[in-house]
Amino acid sequence: MLVLTRKRDQSIIIGDDIEIMVVDLGSNEVRIGISAPRQLSVHRKEVYEAIMAENIAAMQSKAPPEELPLKLKKPADK
Amino acid sequence: MDIRTERFGAFEVDERQIIRFDEGILGFPKSHRYILVPHKGADSPFAWLQSVDESHLAFLLINPAVVKPDYVVQLPESATVSLKLKDVSEGLVLTIVVVPEDPNEMRTNLRAPVVINTRERLGRQVVLEDLSLNIRYRILQDEGQSSVNAGSN
């Protein structure tokens, strides 16, 4: 991983199209601004990893039992 | 074309059934082509998303409206642009199901649905920003359904 030091308001450019800027600095956290092509998604890493873990669990799933009824809440129950 | 699958054996697929997932499903970057195989059984809300590129890879999907009738998806721009959707209503929204050892614990990921533009045959797993959407939403409801999120802020 490339590690760079930036001050507030300084930026990093990745490739030609992605910019990462230090918008604000606090003692425990940093506010980061991201500018990227519209079709790229940007996510907090822990969310991304949680989704990936669920996908892996899903891939290992068994088929749903044929006779298992879905005891669904009717809309009125909501 | 003929495809080989571990769950369904070999079968023939029309090129027009193939859906392109340019970003793949999160965690599975090598598969870019999938087909949707409806689960057998009349009125089943389930379908399988079977990879054409990797024979062992298949995901069980469910129509989330059947599980949570008020489920509404706000698509981020990255999704509408990459899927060429003008509106989420143009897309087919299905959520990935996990069937653990105890099938009563069956759950689905409402935070990151699979969205498919059936006209363009493009698909993507979209991570939504709404933190109230449960990554592990139990499908078989009983009292005391927890709404605690598995994801973090």
Side-chain angles (χ1 to χ4, degrees), chain A residues 1-2 11-78, chain B residues 7 22-23 25-28 39-41 44-46 48-49 51 56-62 66-70 76-83 95-101 103-104 106-109 111-112 124-129 131 135-136 139-142 145 149-153:
Chain A
M1 174 174 281
L2 176 65
S11 282
I12 293 165
I13 305 254
I14 299 174
D16 288 327
D17 300 325
I18 299 169
E19 180 178 355
I20 310 217
M21 177 188 278
V22 176
V23 168
D24 202 3
L25 284 175
S27 56
N28 265 330
E29 58 186 31
V30 58
R31 291 201 77 209
I32 299 173
I34 300 134
S35 175
R38 292 187 305 159
Q39 74 276 10
L40 287 183
S41 57
V42 176
H43 295 293
R44 294 167 179 78
K45 184 177 179 182
E46 60 273 17
V47 173
Y48 189 92
E49 287 181 333
I51 305 292
M52 202 163 29
E54 273 303 279
N55 287 348
I56 289 169
M59 190 265 283
Q60 293 161 347
S61 287
K62 307 173 187 308
E66 301 302 308
E67 285 84 35
L68 190 68
L70 286 180
K71 298 185 283 283
L72 303 172
K73 274 186 181 165
K74 298 186 183 41
D77 291 352
K78 237 347 268 127
Chain B
R7 276 185 208 261
D22 286 331
E23 289 86 15
I25 297 277
L26 265 68
F28 300 93
H39 185 62
K40 55 183 191 268
S44 171
F46 292 108
W48 288 95
L49 188 70
S51 168
H56 69 283
L57 189 59
F59 296 97
L60 182 63
L61 304 181
I62 194 169
V66 157
V67 176
K68 194 170 194 287
D70 62 348
E77 193 182 13
S78 55
T80 47
V81 168
S82 58
L83 291 173
T95 54
I96 294 180
V97 174
V98 177
V99 184
E101 286 296 326
N104 286 307
M106 199 188 297
R107 61 187 196 253
T108 193
N109 183 347
R111 181 85 70 83
R124 182 173 175 131
Q125 182 175 26
V126 180
V127 181
L128 301 173
E129 286 301 311
L131 299 177
I135 292 175
R136 300 172 154 215
I139 293 175
L140 298 173
Q141 297 286 333
D142 49 31
Q145 156 78 21
N149 291 311
S152 53
N153 274 331

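Chain letters run A, B, ... following the sequence lines, proteins first and then strands; every chain starts at 1. In what follows, every heavy atom counts, from backbone to side chain, and hydrogens, waters and symmetry copies are set aside. Fair warning: this is a prediction, and the values are worked out from it, not measured in the lab.
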Run the side-chain contact (heavy atoms from CB on, under 4.5 Å) test on B/E23 and A/S41 for me, step by step, so that the C-alpha distance in whole Å, both residues' side-chain angles and the decisive distance to 0.1 Å come before the verdict. CA-CA 10 Å; B/E23 289 86 15; A/S41 57; over 6 Å; no
Evaluate the criterion side-chain contact (heavy atoms from CB on, under 4.5 Å) for residue pair A/Q39 and B/D22; output intermediate values, then yes/no. CA-CA 11 Å; A/Q39 74 276 10; B/D22 286 331; over 6 Å; no
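A/N55 and B/Q125 share a donor-acceptor pair across their side chains, judged by distance under 3.5 Å alone.
Shown here for B/R107 and A/A57, the closest heavy-atom pair between the two residues is NH2-CB, 4.1 Å. Of all heavy-atom pairs spanning A/A58 and B/V97, the tightest one is CB-O, 3.4 Å. Across every non-hydrogen atom of A/M59 and B/H56, the tightest pair is SD-CD2, 4.4 Å. B/N109 and A/E54 make their closest contact through ND2-CB, 4.2 Å (heavy atoms, listed as atom of the first residue, atom of the second, distance).
Under a cut-off of 6.0 angstrom, the local environment of CZ in B/R7 is crowded, with over 12 non-hydrogen atoms contributed by other residues, nucleotides or ligands. Within a 6.0 Å sphere centred on CD of A/Q60, other residues, nucleotides and ligands contribute more than 12 heavy atoms.
Per-residue heavy-atom pair counts under 4.5 Å with chain A were compared for B/A112, B/P100, B/S82, B/S78, and the maximum is reached by B/S78. In terms of heavy-atom pairs under 4.5 Å with chain A, the best-connected choice from B/T108, B/V81, B/L83 is B/V81.
Put simply, CG on B/L128 and NE2 on A/H43 are 8.5 Å apart, with the number rounded to the nearest 0.5 Å. One finds the CD1 atom of A/I51 at 11.5 Å from the CD1 atom of B/I25 (value rounded to the nearest 0.5 Å).
Contact annotation for B/V127: both backbone and side-chain heavy atoms come within less than 4.5 Å of a heavy atom of chain A. Only the backbone of A/L40 comes within contact range of chain B, with heavy atoms under 4.5 Å apart.
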